[in-house]
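All figures in this text were calculated on a predicted structure; none of them were measured in a lab.
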Amino acid sequence: QSALSQPASVSGSPGQSITISCTGTISDIGGSNSVSWYQQFEGKAPRLIIYDVSARPSGISYRFSGSKSGNTASLTISGLQAEDEADFYCSSYATTTSPELLFGGGTKLTVL
Amino acid sequence: QVNVVESGGGVVQPGRSLKVSCVVSGFNFKVFGMHWVRQAPGKGPEWVAFIGSDGTYRYYAESVKGRFIVSRVNSKNTLFLQMNSLRAEDTAVYFCARVRNSYESGTPQRFDRNFYDMDVWGRGATVTVSS
């Protein structure tokens, strides 16, 4: 069982918007803005698409946006495109007994 | 061009050891902390270890603490993960990944909230622990 909770799957039609949630605790998501999101295509390495809750690395589409409320972070993809279909993972810095990095279990996005 | 390439994966029996390597190019390796992240088949990523830019500070996930050792040789642009007492549950693809923020202070780099996210990843090395 992953430390951060995500829905197993989400789907949407081209042009629509979808939101993926990621729930943690005060020790991780709720305790800082060190939350990131990764997109992963089958057989490939994860790709950073959001960091620090809502910042986008260079080259990442404006259609990807992030937010946070309390212990839950969210990733929104607007204007869905077929090429967005992938697995998405949230990640958060955490401090319990020592620093660590937590990941969510992943959400499979299907573009209908 | 920024590049990260892992090697050294393979099939190993439970209880044995294996060392995977990661060679980087295209950026100043000595000013970046590095992570190892693994992903078991059909599962999400799992953080394994972090090492600061000069190698002084190292941090491990509880699941590997005392069994795995992360190290680096900056003069050779190489990162290592020595895996001992391997278990079936260590079976995974092991990724080497660069921290997004560089670190150029004169003090050794610790793992804090500025160095959690990773912007450059390798393709991974597959490690299978099986008898």
Side-chain angles (χ1 to χ4, degrees), chain A residues 1-8 20 22 24 27-60 66 73 86-108, chain B residues 2-6 9 22 24 33-52 57-66 68 70 89 92-102 109-126:
Chain A
Q1 187 172 355
S2 300
L4 305 178
S5 296
Q6 299 180 232
I20 300 171
C22 172
S27 295
D28 39 75
I29 293 175
S32 78
N33 288 327
S34 300
V35 177
S36 58
W37 289 88
Y38 296 87
Q39 179 185 42
Q40 187 178 34
F41 298 104
E42 183 70 32
K44 303 292 187 181
R47 177 178 74 144
L48 181 67
I49 58 173
I50 294 288
Y51 65 92
D52 294 350
V53 175
S54 60
R56 280 191 309 276
S58 174
I60 299 300
D87 294 318
F88 291 85
Y89 298 95
C90 60
S91 179
S92 175
Y93 177 82
T95 51
T96 48
T97 54
S98 61
E100 61 180 323
L101 185 61
L102 304 178
F103 283 92
T107 299
K108 171 67 177 177
Chain B
V2 174
N3 204 19
V4 170
V5 180
E6 302 91 340
C22 168
V24 313
M34 299 290 293
H35 290 278
W36 282 101
V37 174
R38 68 184 181 184
Q39 189 168 25
K43 303 293 186 181
E46 178 190 13
W47 175 70
V48 173
F50 168 85
I51 184 168
Y57 291 110
R58 314 173 194 201
Y59 303 80
Y60 300 92
E62 283 298 321
S63 58
V64 306
K65 197 173 291 184
F68 287 15
V70 59
E89 53 265 35
V93 176
Y94 284 75
F95 296 101
C96 153
R98 186 186 82 171
V99 167
R100 181 179 54 83
N101 284 325
S102 63
Q109 182 183 23
R110 296 177 182 269
F111 181 22
D112 67 27
R113 58 189 74 256
N114 294 307
F115 307 114
Y116 74 102
D117 53 326
M118 297 156 275
D119 66 341
V120 179
W121 294 63
R123 299 182 69 174
T126 300

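Taking 4.5 Å as the limit, some side-chain heavy atom of B:W121 sits within range of a side-chain heavy atom of A:P46. Here the side chains of B:Y116 and A:D52 are in contact, with some heavy-atom distance below 4.5 Å. Contact check for A:S92 versus B:R113: no side-chain heavy atoms found under the 4.5 Å cut-off. Contact check for A:L101 versus B:M118: side-chain heavy atoms found under the 4.5 Å cut-off. At a threshold of 4.5 Å between non-hydrogen side-chain atoms, the residues B:Y59 and A:E100 do not count as touching. Within the 4.5 Å cutoff, side-chain heavy atoms of B:D117 are placed close to those of A:Y38.
Taking the six-membered ring where the residue is Trp, the centroids of B:F115 and A:Y93 are separated by 6.0 Å or more.
If you measure heavy-atom distances from B:V93 to chain A, you find no contacts under 4.5 Å at all. Only the side chain of B:R100 comes within contact range of chain A, with at least one heavy atom under 4.5 Å from a heavy atom of that chain. The part of A:S98 that comes within reach of chain B is its side chain, from C-beta onward, which places non-hydrogen atoms under 4.5 angstrom from that chain.
If you tally non-hydrogen atom pairs under 4.5 Å between each of B:D119, B:V48, B:D112, B:N114 and chain A, the highest count goes to B:D112. When each of B:R123, B:R110, B:Q39 is scored by its heavy-atom pairs under 4.5 Å with chain A, the top score falls to B:Q39. Counting heavy-atom pairs closer than 4.5 Å to chain B, the top-ranked of the candidates A:T95, A:L102, A:V35 is A:V35.
Considering every non-hydrogen atom in both A:P99 and B:W47, the closest pair reads O-CH2, 3.9 Å.
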